[in-house]
Asks: 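Handing you a structure now.
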Amino acid sequence: MFTPDDYRHMAYALELAARGLYTTTPNPRVGCVIVKNNKVVGEGWHEKAGAAHAEPIALELARKKATDATVYVTLEPCAHHGRTPPCVDALIKAKPARVVAAMRDPNPKTAGKGFDQLRAAGIQVDVGLMEMEARELNIGFIARMTRGTPWVRMKIAASLDGRTALANGQSQWITGDAARRDGHAWRARACAVLTGVGTVKDDNPQLTVRDVGTTRQPMRVVVDSRMQTPLTAHVLGPGTLIAAAGADVPRSVALRAKGAEVVVLPNHDGKVELPALLQELARRGCNEIHVEAGYKLNGSLLAEGLVDELLIYMAPCILGDTAKGMFHLPPLASLGDRLNLKITDIRQFGDDIRVLARFN
């Protein structure tokens, strides 16, 4: 069904789409390549919400050459009005002979409608080329569209014996510069960085992207049941969300005066209802959540089945049994109760090893 040239052109479209890795949220990352007589006559990628989509950019470059050409796009052309007109209308007007898409759009507003309209206009549509790569590029967008919550990636820096901080809370720095730079790249692609008030108190982090060039900073989210975030905390400011479990009007006023927003999402134990928090972040357009928290919040997120992926940096050192672990979890009765993962990638950064693993 697909030729070597098809794969080559789609690979380039995916490369273009990846240029929006840090900027497209809440929209998906999309690339488009228009080919005629085996020559690229137009190309484009979506940069940010409100800006032109990949297809109109490529069509503008191709102009009349788009007629009878083949259009390679990493996601089904949108068929609904958003901040910009439907891409499928622009494609139908340009009259290409064929559209090759990596995958169907999971957004219910399009979800197959774009393909149906293209076929109704007499345009050949082929779907599924390099779909796995396309899905990986938009794994958070797919999660938000299909299940109503973002993709949750938990980042942990640990010693070889699985310890993340000394007993007194000190954790800066377990890993080296190269690992921390890579961690910032993962922060940059996320829509929000989530932590707990304990980490704020112990480390006073900024949770901003500093080692990667980006025009957008992710939202900063602090799980703080009793609104104990110090008013001098570096994390406070515009773009910060404090998730609390109860209303404390004076404290809310003080936090808002520092630029933060406060949402109250209690559970029956008087803590923050974590599934509700993820639903709230999805409602705000968050596709990927990057967790950088302590072992207590890490454990709570795991125990509730809210984590999709672990991003673990392991340093060649040992901190000992008194140091804090990765997760605070209840004891297991048997090995059959363990949480199983699939390791998807292992790489070295400086002296440290990075492990990517997903829950089965």
Side-chain angles (χ1 to χ4, degrees), residues 1-21 23-138 141-142 145:
M1 180 179 181
F2 297 115
T3 68
D5 283 335
D6 287 335
Y7 277 93
R8 179 166 59 88
H9 296 310
M10 184 60 79
Y12 183 44
L14 287 163
E15 179 185 323
L16 292 173
R19 295 182 186 179
L21 191 65
T23 58
T24 60
T25 181
N27 290 351
R29 298 141 183 160
V30 181
C32 179
V33 175
I34 301 175
V35 177
K36 192 167 189 177
N37 299 323
N38 211 28
K39 180 181 178 181
V40 174
V41 295
E43 61 184 61
W45 56 281
H46 181 50
E47 181 181 0
K48 61 182 179 180
H53 288 192
E55 298 94 324
I57 294 173
L59 288 169
E60 178 64 24
L61 289 174
R63 296 186 179 272
K64 293 182 179 180
K65 294 178 181 178
T67 302
D68 295 327
T70 298
V71 177
Y72 297 87
V73 63
T74 59
L75 186 69
E76 178 182 3
C78 63
H80 64 279
H81 282 272
R83 299 189 192 184
T84 57
C87 293
V88 70
D89 291 352
L91 284 168
I92 290 172
K93 183 178 179 180
K95 299 180 180 179
R98 180 184 181 219
V99 171
V100 180
M103 61 174 288
R104 173 174 166 156
D105 191 340
N107 188 339
K109 294 179 180 178
T110 290
K113 299 182 182 71
F115 294 148
D116 289 344
Q117 292 181 30
L118 290 170
R119 290 183 176 115
I123 299 169
Q124 179 182 339
V125 177
D126 297 318
V127 185
L129 177 61
M130 302 184 74
E131 180 174 359
M132 183 176 71
E133 292 86 345
R135 293 182 69 86
E136 285 296 316
L137 193 60
N138 284 310
F141 180 76
I142 294 169
M145 287 294 127

Asks: Indicate the atoms forming the closest heavy-atom contact of Lys36 with Thr67, along with that distance.
Replies: NZ-O, 2.8 Å
Asks: What distance do Glu43 atom CD and Glu15 atom CD have between them, rounded to the nearest 0.5 Å?
Replies: 9.0 Å
Asks: For a quick test of reading the model, state the closest non-hydrogen atom pair linking Arg104 to Glu76 and the distance between them.
Replies: CG-OE1, 3.4 Å
Asks: With a cut-off of 6.0 Å (strictly less than), are more than 12 heavy atoms of other residues, nucleotides or ligands near NZ of Lys65?
Replies: no
Asks: For Phe2 and Tyr7, take the angle between the two ring planes, folded into 0 to 90°, and tell me which bin it lands in: parallel under 30, tilted 30 to 60, perpendicular over 60.
Replies: perpendicular
Asks: What is the minimum heavy-atom distance between Pro26 and Phe141, and which atoms define it?
Replies: O-CD1, 3.7 Å
Asks: With side chain to side chain contact (heavy atoms under 4.5 Å, CB included) as the test, pick out the partner of Thr24 among Arg19, Glu47, Arg29.
Replies: Arg29
Asks: Run the side-chain contact (heavy atoms from CB on, under 4.5 Å) test on Cys32 and Val71 for me, step by step, so that the C-alpha distance in whole Å, both residues' side-chain angles and the decisive distance to 0.1 Å come before the verdict.
Replies: CA-CA 7 Å; Cys32 179; Val71 177; 3.6 Å; yes
Asks: Just so I know, are the side chains of Arg8 and Asn38 near enough to count as touching, which here means a heavy-atom distance under 4.5 Å?
Replies: yes
Asks: Determine whether Phe115 and Asp105 make a side-chain contact, defined as any pair of heavy atoms from C-beta on separated by less than 4.5 Å.
Replies: no
Asks: Return each pair, listed once, that meets side-chain hydrogen bond (donor to acceptor under 3.5 Å, both in side chains) where at least one residue sits in residues 110-123; pairs must be two or more places apart or across chains.
Replies: His80-Thr110
Asks: Answer whether the closest heavy-atom distance between the side chains of Val41 and Leu61 falls below 4.5 Å.
Replies: no
Asks: Quick one: does Ile34's side chain get under 4.5 Å of Pro96's, heavy atoms only?
Replies: no
Asks: Using side-chain heavy atoms (C-beta onward) and a distance below 4.5 Å, is Thr74 in contact with Met10?
Replies: yes
Asks: Please test Met103 against Asn138 for side-chain contact (heavy atoms from CB on, under 4.5 Å), starting from the C-alpha separation and ending with a verdict.
Replies: CA-CA 11 Å; Met103 61 174 288; Asn138 284 310; 5.6 Å; no
Asks: Please tell me if the side chains of Trp45 and Ile57 come closer than 4.5 Å, counting only heavy atoms from C-beta onward.
Replies: no
Asks: Suppose we screen for side chain to side chain contact (heavy atoms under 4.5 Å, CB included). Which residues come up paired with His53, at least two apart in sequence or across chains?
Replies: Asn27, His46, Glu55, Pro56, Cys78, Thr84, Cys87
Asks: Does Val30 reach the side chain of Pro77, with side-chain heavy atoms less than 4.5 Å apart?
Replies: no
Asks: So how far is it from Thr70 OG1 to Ile123 CD1, rounded to the nearest 0.5 Å?
Replies: 11.0 Å
